[in-house]
Amino acid sequence: MAEERKLHEVVVIGAGVIGLTTAVKLQETGNYKVTIVAETFPTDPKTIKYTSHWAGAHHVSGGSGLQSETQLRLEQRTFEDMWPMSAPGQPTEGCFLRLSQSEYYGSENSVPYHLEGFMPNFKVLPPKELPTAAVYGLSFDTITIDVPVYLNYLLSRFLGRGGSIVRGSIQHISQIVENGARAFTQLPAYPRVDDRQQQQRRPDAIIVCAGIGARFLGGVEDKSVYPLRGQTVLLRSPWVRFGRTLCGSDGVWTYVIPRRSGDVIVGGTRIANDWFPTPRPEITKDILTRVIGLAPELAPPEVRAHRQPTADDLIPLIIEEGCGLRPAREDGIRLEVEWYTLGENKVPVVHNYGHSGTGYQSSWGSASDAFLLLEGALADGPPN
Ligand SMILES: Cc1cc2nc3c(=O)[nH]c(=O)nc-3n(C[C@H](O)[C@H](O)[C@H](O)COP(=O)(O)OP(=O)(O)OC[C@H]3O[C@@H](n4cnc5c(N)ncnc54)[C@H](O)[C@@H]3O)c2cc1C
């Protein structure tokens, strides 16, 4: 009988878009046996502790401010993966909507010039096509991601390739270092295992994809991670099939993100260190007022046929008000290896968190970098 190949056991902490994408990436190499341990999964009810449920989401680089070279590389890499996934006829097509995106800027300072040559059908808009609040504008083709569908697609892809999931609220990564995911599977403590078996229970590596939870997770406790709160409104406007953003001269972003399902996310806000976990009514009102100005097409066609629509025309279309805490980090995304020591054991811990407002559009790029860091750590071993 052929001897079973020894796979590296890896525990991924977190089942948001970052944890799921990273776990899929590793599992599909065939060299790893991956288990995700997380408090919240895509099939759970929405909670403020799980940001991925609350995103728009679209792939618009620079949509959340000017970025570093690394950030741009991660986003370009992700677009190269996601654009083919959204192609007509692909089995993944249903997770995405391809559309034409217009970006308007109230000041030239915030224009992301790097999009030229990177996004399909990129063009600079002539002044006569700009709204009065804008001094500059761009358009290009991109994708939006139907977030609930896409997260469940990632989870099923991971499970379908032999990945495992375990629910657990981890207080300290030492809980995983010592006993892997088994610390949360409630297996009996007896019969006692000998030292060799105990050794085998330890994971070969851990990947931390805990989002905002990285601020609190023992052994990580990265206090440079902070919330960038975003509030949105989910509307039912299936007749809207374009994306549009205005970055006002006051720095306020107003956006329209239609999903394939016909739902449309409109927003938004970006407030640092605001932990408030539920939507504020006055902000919902402000968002509706701003978006009807930016995109009157959100109102039902029968209303627009007779008069100029107002924010009140959007109220019957509301499915849900929402808010999420973007996991921002002072130095941007953390992609690096640390070695964790427990007794005589050293385990590589790869960090992949702090994606702020770009977790979807940088997910595949970040997963690739995390994978390379992991391979390097396992090949080289701990530093002396
Ligand atoms: C309003 C809004 C709009 C957005 N729009 C976009 C967009 O258009 N495009 C885009 O790319 N991004 C967008 N984002 C950002 C995007 O949602 C985030 O960057 C992304 O969801 C972060 O994913 P994550 O996996 O790092 O974190 P999360 O989704 O929060 O997942 C964290 C995971 O870690 C687990 N966890 C944490 N701590 C522990 C612990 N101690 N024990 C066990 N499990 C733990 C959680 O249970 C969860 O499973 C938006 C965000 C918001 C709020």
Side-chain angles (χ1 to χ4, degrees), residues 11-23 36-44 46-61 63-64 71 74-75 78-79 82 101 142-145 147 150-151 154-155 165-173 175-176 181 183-184 207-221 225 227-234 243 245 253 255-257 259 265-271 274 279 283 287 321-329 333-334 351-367:
V11 173
V12 172
I13 299 177
V17 67
I18 300 302
L20 291 168
T21 312
T22 306
I36 299 176
V37 181
E39 192 175 329
T40 307
F41 286 90
T43 44
D44 291 332
K46 290 178 174 177
T47 144
I48 194 68
K49 292 166 97 179
Y50 185 88
T51 309
S52 295
H53 269 152
W54 298 110
H58 57 194
H59 192 304
V60 174
S61 258
S64 45
Q71 178 73 38
L74 298 176
E75 294 184 11
T78 304
F79 191 74
M82 280 185 168
Q101 177 75 23
T142 188
I143 44 169
T144 69
I145 301 135
V147 161
Y150 183 64
L151 290 170
L154 287 176
L155 178 61
I165 55 172
V166 171
R167 190 184 298 277
S169 179
I170 305 163
Q171 290 159 299
H172 197 283
I173 52 171
Q175 295 170 328
I176 300 292
F184 295 91
I207 309 207
V208 178
C209 306
I212 198 83
R215 187 180 167 94
F216 309 104
L217 175 62
V220 179
E221 288 156 299
V225 173
L228 191 59
R229 184 181 181 278
Q231 188 165 322
T232 54
V233 186
L234 187 64
T245 308
W253 293 81
Y255 56 78
V256 175
I257 306 179
R259 292 176 176 170
I265 286 261
V266 298
T269 58
R270 301 170 54 79
I271 312 291
D274 181 353
I283 294 183
I287 289 171
E321 296 162 71
C323 69
L325 304 179
R326 300 177 182 93
R329 185 168 176 269
I333 299 171
R334 185 174 186 198
H351 296 291
N352 185 9
Y353 63 80
H355 293 73
S356 192
T358 66
Y360 283 85
Q361 67 197 36
S362 58
S363 54
W364 287 101
S366 301

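First listed ligand is number 1; within each ligand, the first listed atom is number 1. The structure displayed is predicted, hence computed values, not measured ones.
A distance of 7.0 Å separates CD of Q175 from CD1 of I170, quoted to the nearest 0.5 Å. Rounding to the nearest 0.5 Å places CG of L154 at 7.5 Å from OG of S363. Atom CG in L325 sits 4.0 Å away from atom CD1 in I48 (nearest 0.5 Å). The line from CD of Q101 to CD1 of I143 is 11.0 Å long, rounded to the nearest 0.5 Å.
Less than 4.0 angstrom separates some heavy atom of A57 from each of these atoms of ligand 1: 7 (C), 8 (O), 9 (N). For ligand 1, the atoms lying closer than 4.0 Å to a non-hydrogen atom of G16 are 25 (O), 29 (O), 31 (O), 33 (C), 49 (O). Which parts of ligand 1 touch L217 is read off a 4.0 Å heavy-atom cut-off, strictly below it: atoms 41 (N). In summary, the atoms of ligand 1 found under 4.0 Å from a heavy atom of S52, numbered by their order in the structure, are 20 (C), 21 (O), 23 (O), 25 (O), 28 (P), 29 (O). In summary, the atoms of ligand 1 found under 4.0 Å from a heavy atom of A15, numbered by their order in the structure, are 33 (C), 48 (C), 49 (O). Each of the following atoms of ligand 1 lies closer than 4.0 Å to a heavy atom of Y360: 10 (C), 11 (O), 12 (N), 17 (O). Listed by number with element, the atoms of ligand 1 under 4.0 Å from a non-hydrogen atom of C209 are 32 (C), 33 (C), 34 (O). Atoms of ligand 1 lying under 4.0 Å from at least one heavy atom of G324, given by number and element, are 53 (C).
In this structure, the side chains of W253 and T245 come closer than 4.5 Å at one or more pairs of heavy atoms. The side-chain heavy atoms of T142 and F79, taken from C-beta on, include a pair separated by under 4.5 Å.
For a threshold of 3.5 Å applied to N or O pairs, the pair formed by I170 and ligand 1 contains at least one separation below that value. Residue H58 has at least one nitrogen or oxygen atom sitting less than 3.5 Å from a nitrogen or oxygen atom of ligand 1, judged on distance alone. For ligand 1, the polar-atom distance check finds an N/O of E39 within less than 3.5 Å of one of the ligand's N/O atoms. The N/O atoms of Y50, backbone and side chain alike, include none that comes under 3.5 Å of an N/O atom in ligand 1. Among the atoms of G213, none of the N or O lies under 3.5 angstrom from an N or O of ligand 1. Note: an N/O pair closer than 3.5 Å links I18 and ligand 1 by distance alone. Between Y255 and ligand 1, no N or O atom pair is found at a separation short of 3.5 Å.
Counting only heavy atoms of the protein, atom 27 (O) of ligand 1 lies nearest to G211 CA, 3.7 Å. Counting protein heavy atoms only, atom 5 (N) of ligand 1 is closest to G56 N, 3.3 Å. Given atom 43 (C) of ligand 1, the protein heavy atom at minimum distance is G168 O, 3.1 Å. Closest protein heavy atom to atom 28 (P) of ligand 1: T51 N, 3.7 Å. The single protein non-hydrogen atom nearest to atom 4 (C) of ligand 1 is A55 CA, 3.5 Å, given as residue, atom name and distance. Protein heavy atom in closest approach to atom 22 (C) of ligand 1: P327 CG, 3.9 Å.
I165 pairs by the side chain to side chain contact (heavy atoms under 4.5 Å, CB included) definition with I36, F41, L155, F158, L159, not counting sequence neighbours.
For the pair W54 and ligand 1, a heavy-atom separation below 4.0 Å is found. Residue-ligand proximity: V17 is placed with a non-hydrogen atom under 4.0 Å from ligand 1. Contact annotation: G267 has no heavy atom less than 4.0 Å from any atom of ligand 1.
The option from E75, R326, H172, R229 that lies nearest to atom 52 (C) of ligand 1, judged by heavy atoms, is R326. With distances taken over non-hydrogen atoms, the option nearest atom 18 (C) of ligand 1 out of G357, G230, C323, S356 is S356.
A side-chain donor-acceptor contact under 3.5 Å links S61 and E75.
Using a 4.0 Å cut-off between a side-chain N of Lys or Arg and a carboxylate O of Asp or Glu, R167 and D44 qualify as a salt bridge.
A donor-acceptor pair under 3.5 Å links the side-chain atoms of T78 to the main chain of W364, judged by distance alone. Between the side chain of R326 and the backbone N or O of A55, no donor-acceptor pair lies under 3.5 Å. Between the side chain of Y50 and the backbone N or O of A15, at least one donor-acceptor pair lies under 3.5 Å. Without hydrogens or angle criteria, Q361 side chain to V60 main chain gives a donor-acceptor distance under 3.5 Å.
Heavy atoms of other residues, nucleotides or ligands lying less than 6.0 angstrom from CD of Q171 number 12 at most.
Aromatic pair H355/Y353: centroids not less than 6.0 angstrom apart.
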